Amino acid sequence: MASSSIKAISTTSPFKASSSPSSQPPSSSKPSLLSFLHTSSSNPISLKLSHSHSHAHNSHSHSFLITNVLKIADSSETSVSKSQNLKPTSSDSTPTILVSEKLGEAGLQVLRGFGNLECAYNLSPEELCAKISTCDALIVRSGTKVTRQVFEAAKGRLKVVGRAGVGIDNVDLQAATEFGCLVVNAPTANTVAAAEHGIALLTAMSRNVAQADASIKAGKWLRNKYVGVSLVGKTLAVMGFGKVGSEVARRAKGLGMNVISHDPYAPADRARAVGVDLVSFEQAIATADFISLHMPLTPATSKVFNDETFAKMKKGVRIINVARGGVIDEDALVRALDSGVVAQAALDVFTEEPPTKDSKLVQHENVTLTPHLGASTKEAQEGVAIEIAEAVVGALKGELSATAVNAPMVPPEVLSELSPYVVLAEKLGKLAVQLVAGGSGITSVRVVYKSARDPDDLDTRLLRAMITKGIIEPISASFINLVNADFVAKQKGLRISEERVAVDSSPEFPVDSIQVQISNVGSKFASSVSESGSISIEGKVKYGEPHLTCLGSFGVDVSLEGNLILCRQVDQPGMIGQVGNILGNDNVNVSFMSVGRTVQKKALMAIGVDEEPNKRTLEKIGKVPDIEEFVFLNL
Ligand SMILES: NC(=O)C1=CN([C@@H]2O[C@H](COP(=O)(O)OP(=O)(O)OC[C@H]3O[C@@H](n4cnc5c(N)ncnc54)[C@H](O)[C@@H]3O)[C@@H](O)[C@H]2O)C=CC1
Ligand SMILES: O=C(O)C(=O)COP(=O)(O)O
């Protein structure tokens, strides 16, 4: 029903259609705290916009509302995610946290104080999959592979994976994102430990400490065999000038080494501040006497040290790897060691851990090995354990983690400032989609933020995620959260473009208004169609509350709460009374009423009602002469 003059009646909103009745969350759900970060694409959930949802919004402060956006562990909400195929949580719905590798006691204490803690080490992949559907959080180190199968086996219950350390190459981030599972890591507490281990390997290797130790224990006294090389004055190439790399560089400078670094993303001034020149990859490997690896394992860095690159190195180069085994082609390294291109290697990490005992690399005389000990100091392990425990507990409480790996990191102060706009964004998304005829076929959404702020000073990712949530959830079985909003939008072919318009208002407020435009769709309420042919609505935050301020070309001022009847009518006396009478006679309580008008003698009436009027009442409104169209919306 897209035509402008036809009375468009929507008594049964498509947003209440459920994909499968059994998958419907209980209508008594509070706003889904758990739900925002929690999703399960394998676990379709119908998306009835229950009244209680709106009521809860009404009755809580914005600090509560923002938790609606972020919180994932509200006990009363677990039923949303468990509505099908899911094993029940523990009966008291306290979150269950599985720790699958050894974690420092201080971190375990934090976890015990918050949820049911289960420590189960050395689980096989099958055992992990069997267990995971009873867990809300999983904490791992580098030894647990958190694969897609794990997320599938979680059946929607797993909300956060905490990596007690830096490297997240053992977690399938894509799968985590698709399943709406937040991944957090502990990126800072083991930096020094890893750097110190790098230096330990550098010095031990250059003076053959491990080999000499083994020989003396074997009853030998080989003073001539284990003559080493000096470090002072030698060139060290630090590959990856991040947290660990820069600490290694600093320490190597202290040893009198000339340090260069290659890192395509590191700022040159940060390197200069440590007295390090950033150089190209080729230059680094061609000039270095020692090469220390400190980049993450990614598709771009996988086997970046291979036959071709070893061939470009200075003959007799020495390599230290405390990063990830996968950045080196290990067979190529054996060849380079055999040919003498690489004089020595010191390795803490391996493509496969543990490496096989008979691996040529492991057995090579010129190779010094440690079993992934970079982070293994008492201090680092306690620090990492606390860092990850706090991040996981925070995530389970619904706070956005500063160490989220697969979700926008929004600092708490930004979050608190944006909170009313986050609510507005979701409401606008929900409202916009309800204006689309049939509620579907949306492919292109344009969002215009009017703001007096400098564009760099306005982070819209959260707002975009909420608009996406508002648009997609009511019309699909997807459950959207901050983790998977962009992914689900893309999957559904929904393109969301954003535009910022500078306005001359107070920069004290981050956003002046948010406009949502949906193009190339029919509208069930023609008045919402702007001159450009798109459904267009605009909202503002007023007194901390979301308000609809523009609908198509009509200026309105309507609180975006609860149930709303929008009527377009001839601008003449008596219209409000007639509609008000119908509602009153049918026992429908009106919470507010607002009228906007245009010069063409058209008026737009917005009526807030306590509950959805029945079909007959709505039909009576439709029959009022001079009401040209109307729509019922549930916000
Ligand atoms: N052996 C162990 O126990 C430990 C290993 N690690 C590993 O060390 C590595 C570095 O950790 P952090 O310094 O904390 O991480 P980080 O993220 O602070 O630093 C990584 C740096 O690598 C750079 N980088 C990315 N791609 C690169 C490329 N193609 N070439 C050169 N540089 C590139 C990044 O720009 C970044 O500056 C990670 O792989 C981590 O998993 C970290 C701690 C302990
Ligand atoms: O933090 C990292 O990236 C590490 O490699 C440390 O690994 P671990 O926690 O000791 O298994």
Side-chain angles (χ1 to χ4, degrees), residues 99-104 107 121-122 139-146 161-171 183-201 237-251 260-268 270-271 274 276 278-285 288 291-306 309 320-328 346-351 353-354 369-385 387-388 391 403 405:
V99 175
S100 69
E101 289 176 74
K102 186 144 178 33
L103 199 66
Y121 306 150
N122 303 317
I139 297 183
V140 301
R141 288 177 58 187
S142 59
T144 308
K145 300 234 173 314
V146 191
V161 172
R163 180 356 182 162
V166 185
I168 30 83
D169 43 285
N170 53 324
V171 180
V183 180
V184 291
N185 70 351
T188 58
N190 67 19
T191 300
V192 166
E196 287 177 349
H197 198 63
I199 295 293
L201 287 180
V238 170
M239 309 301 280
F241 197 77
K243 294 183 292 299
V244 179
S246 56
E247 289 300 323
V248 166
R250 220 185 291 274
R251 284 160 176 75
I260 55 174
S261 178
H262 169 70
D263 187 325
Y265 313 107
R270 198 158 58 80
V274 185
V276 171
L278 284 181
V279 298
S280 68
F281 181 86
E282 306 284 325
Q283 203 182 337
I285 62 168
I291 300 177
S292 193
L293 312 186
H294 301 289
M295 67 262 271
L297 176 60
T298 64
T301 61
S302 173
K303 295 193 178 173
V304 72
F305 298 95
N306 51 40
T309 49
I320 304 104
N321 189 6
V322 190
R324 281 296 176 268
V327 301
I328 296 179
L347 309 173
D348 183 47
V349 284
F350 307 87
T351 306
E353 293 185 358
L369 310 162
T370 49
H372 203 144
L373 290 181
S376 295
T377 62
K378 283 182 182 160
E379 295 84 352
Q381 279 314 305
E382 283 302 292
V384 162
E387 199 178 354
I388 202 61
T403 62
V405 177

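Order of appearance sets the numbers: ligands from 1, and atoms from 1 within every ligand. Fair warning: this is a prediction, and the values are worked out from it, not measured in the lab.
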For [atom], what is the closest protein heavy atom, and at what distance to 0.1 Å?
| atom | answer |
| --- | --- |
| atom 5 (O) of ligand 2 | His372 NE2, 2.6 Å |
| atom 34 (C) of ligand 1 | Asp263 OD2, 3.4 Å |
| atom 20 (C) of ligand 1 | His294 O, 3.6 Å |
| atom 42 (C) of ligand 1 | Val166 CG2, 3.8 Å |

> Using a heavy-atom cut-off of under 4.0 Å, does the side chain or the backbone of Val244 touch ligand 1, or both, or neither?
Replying inline: both
Would [X] count as being in polar contact with ligand 1, using the rule that some N or O on each side must be under 3.5 angstrom apart?
| X | result |
| --- | --- |
| Ala323 | no |
| Asp169 | no |
| Met295 | yes |
| Gly167 | yes |
| Thr301 | no |

> Would you say Glu101 contacts ligand 2, with heavy atoms under 4.0 Å as the rule?
Replying inline: no
> If you measure from each heavy atom of Ala164 to ligand 2, is any distance below 4.0 Å?
Replying inline: yes
> Which is closest to atom 24 (N) of ligand 1 by heavy-atom distance: Gly245, Ala300, Ala189, Pro296?
Replying inline: Pro296
> Stepwise, does the side-chain contact (heavy atoms from CB on, under 4.5 Å) test hold for Asn321 with Phe305?
Replying inline: CA-CA 11 Å; Asn321 189 6; Phe305 298 95; over 6 Å; no
> Between the side chains of Asn170 and Ser142, does any donor sit under 3.5 Å from an acceptor?
Replying inline: no
>> I want to know if ligand 2 touches Gly165 in the polar sense, i.e. an N/O pair below 3.5 angstrom.
In response: no
> So does Lys243 pair up with Glu247, basic N to acidic O under 4.0 Å?
Replying inline: no
